[in-house]
Amino acid sequence: MMMKKLALAIVGASTVGLSSLAAAEEFPTSVGTFDVSMTATLATDYIWRGQSQTAGAGAIQGSLDIAHESGLYIGTWASNVDSEWTGGSSVEIDYYVGYAGSITDDIGYDLSWNTYTYPKASDLTSKEVIASLNGYGFTVGTKYAYDPNSALYTWIGYDYELPQGFGLHLAYGRTDTKDTLAVVEDNSGVVIYQDTKSKYDDWSVGVSKNFIGLDFLLAYTDTDIKSGTCEAWYGDKDYCDTNVTLSVSKSF
């Protein structure tokens with residue numbers, strides 16, 4: 001859960017999972033122990049499901065998470081974004097609450113409710129529920145966005161410990177919007193491009209390493225989104241092309 005932020009920063013929550021990287025401070029109380037964690041991240045791009053959210057520019061991100069020993073947790077995460085496609089908002093702020101636990105010693109689960117906000121662009125606010133299972137290095141999950149539009153995202157990821165403290169992270173995800181993805185009209189209102197494909201895929205390969213107290217991640221990401229669809233969404237067809245991104249994070 002704690003590394004949701006780094007995953008979003010690099011490959012958009014759909015892919016790389018680096019749960020071992022987060023640090024936490026324990027606070028015993030009369031109602032149980034709480035873990036409090038903060039993470040700061042610098043990234044060469046903010047990639048969400050294979051798509052750049054910063055127009056190929058760098059991203060500064062941060063998070064705050066509070067988890068109870070029972071498995072309940074709440075948190076918030078923020079990043080700069082490209083204001084051109086957000087209607088003037090240059091910041092994304094996310095909030096989430098959830099519950100994580102174990103089925104066996106090797107298999108765990110995570111359930112959460114999430115909301116994604118863009119100050120100055122309230123019409124972009126969206127909400128979704130997320131459920132995932134993890135075990136033996138694999139993670140499988142689904143995300144259902146229900147407000148303002150309906151969309152289903154499913155993914156599978158695999159994390160493997162390499163020699164010399166390196167980590168390998170593989171993931172593949174599919175978005176099903178249930179709707180036409182893009183319609184482009186000319187100045188007279190005539191449709192000149194329409195993509196009726198309601199599904200698209202994204203994938204990633206990442207390598208991580210902890211060095212001098214910092215967590216580094218180099219990731220390759222890509223999608224099968226058509227160039228016309230990408231240009232209709234972002235105004236630039238290159239936003240959905242192959243990306244190689246680097247991030248460095250520090251958890252407190």
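Everything numeric in this text was worked out from a predicted model, so none of it was measured. As a basis for the values below, the full set of heavy atoms in this structure was taken, side chains included, without hydrogen atoms, waters or symmetry mates.
- The two residues Y234 and S52 have their closest heavy-atom pair at CE2-O, 4.2 Å.
- Checking side-chain atoms of T223 against main-chain N and O of C240 turns up a donor-acceptor pair under 3.5 Å.
- The two residues T125 and P148 have their closest heavy-atom pair at O-CD, 3.3 Å.
- In the displayed structure, I60 atom CD1 is contacted under 6.0 Å by at most 12 heavy atoms of other residues, nucleotides or ligands.
- Using a distance-only test at 3.5 Å, with no hydrogens or angles considered, a donor-acceptor pair links the side chain of T177 to the main chain of S198.
- Judged by the 6.0 Å and 45° rule, K209 forms a cation-pi pair with F166.
- Every residue was checked against the salt bridge (charged side-chain N to carboxylate O under 4.0 Å, His left out) condition with E231, not counting sequence neighbours, and none meets it.
- With sequence neighbours left out, D176 forms a salt bridge (charged side-chain N to carboxylate O under 4.0 Å, His left out) with K178.
- For the pair W77 and S63, the tightest heavy-atom approach, listed with the atom from each and the gap, is CD1-CB, 3.9 Å.
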Review point. For Y239 and D45, what are the C-alpha separation, side-chain angles and deciding distance, and is it a side-chain hydrogen bond (donor to acceptor under 3.5 Å, both in side chains)?
Key: CA-CA 11 Å; Y239 281 27; D45 203 341; over 6 Å; no
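- In this structure, OH on Y99 lies 6.0 Å from OG on S70, to the nearest 0.5 angstrom.
- Looking at every heavy atom in both residues, N134 comes nearest to Y109 through ND2-N, 4.0 Å.
- Note on D202 versus R49: no salt bridge recorded, every NZ/NE/NH1/NH2 to OD/OE distance being 4.0 Å or above.
- When Y144, Y116, W113, Y146 are each tested for a side chain to side chain donor-acceptor pair (under 3.5 Å) with E128, only one passes: Y116.
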Exercise for review: Mind running side-chain contact (heavy atoms from CB on, under 4.5 Å) on I225 and Q51 for me, showing each step along the way?
Suggested key: CA-CA 9 Å; I225 298 174; Q51 305 155 53; 3.6 Å; yes
Exercise for review: Could you please spell out the steps behind the side-chain hydrogen bond (donor to acceptor under 3.5 Å, both in side chains) verdict for S251 and T39?
Suggested key: CA-CA 4 Å; S251 295; T39 301; 3.1 Å; yes
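- Aromatic ring orientation, W203 versus Y172: parallel (interplanar angle below 30°, classes split at 30° and 60°).
- Among residues two or more places apart in sequence or in another chain, the side chain to side chain donor-acceptor pair (under 3.5 Å) test is passed with Y95 by none.
- The 12-atom threshold is not exceeded at CD of E161, counting heavy atoms of other residues, nucleotides or ligands nearer than 6.0 Å.
- Here CG of N243 is found 8.0 Å from CG of D222. Values are rounded to the nearest 0.5 Å.
- The only option from D65, N114, T76 that meets the side chain to side chain donor-acceptor pair (under 3.5 Å) definition with Y96 turns out to be D65.
- Q61 contributes atom CD, which lies 8.5 Å from atom OG1 of T54 (distance to the nearest 0.5 angstrom).
- Here the two rings, on F27 and F34, have centers that are 6.0 Å apart or farther.
- Neither I93 nor L64 shares a network with the other; the hydrophobic side chains, linked directly or stepwise wherever heavy atoms of I, L, V, M, F, W or Y lie under 4.5 Å apart, form separate groups for each.
- Counting all heavy atoms, side chain and backbone alike, S79 lies closest to Y46 at OG-CD2, 3.5 Å.
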Review point. Could you go step by step and tell me if S208 and H169 meet the side-chain hydrogen bond (donor to acceptor under 3.5 Å, both in side chains) rule?
Key: CA-CA 8 Å; S208 63; H169 314 278; 2.7 Å; yes
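- Here T245 contributes atom OG1 and I47 contributes atom CD1; the two are 5.5 Å apart, rounded to the nearest 0.5 Å.
- Taking the six-membered ring where the residue is Trp, the centroids of W233 and Y200 are separated by under 6.0 Å.
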Practice item. With side-chain hydrogen bond (donor to acceptor under 3.5 Å, both in side chains) as the test, would you mind laying out the steps for T41 and S249 before giving the verdict? Key: CA-CA 4 Å; T41 299; S249 297; 2.7 Å; yes
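- Between the CG atom in L124 and the OG1 atom in T86 there is a gap of 6.5 Å [rounded to 0.5 Å].
- Considering OH of Y118 and CG of D123, their distance stands at 11.0 Å, rounded to 0.5 Å.
- Residue E69 comes nearest to G32 through the heavy atom pair OE2-CA, 3.0 Å, listed as atom of the first residue, atom of the second, then distance.
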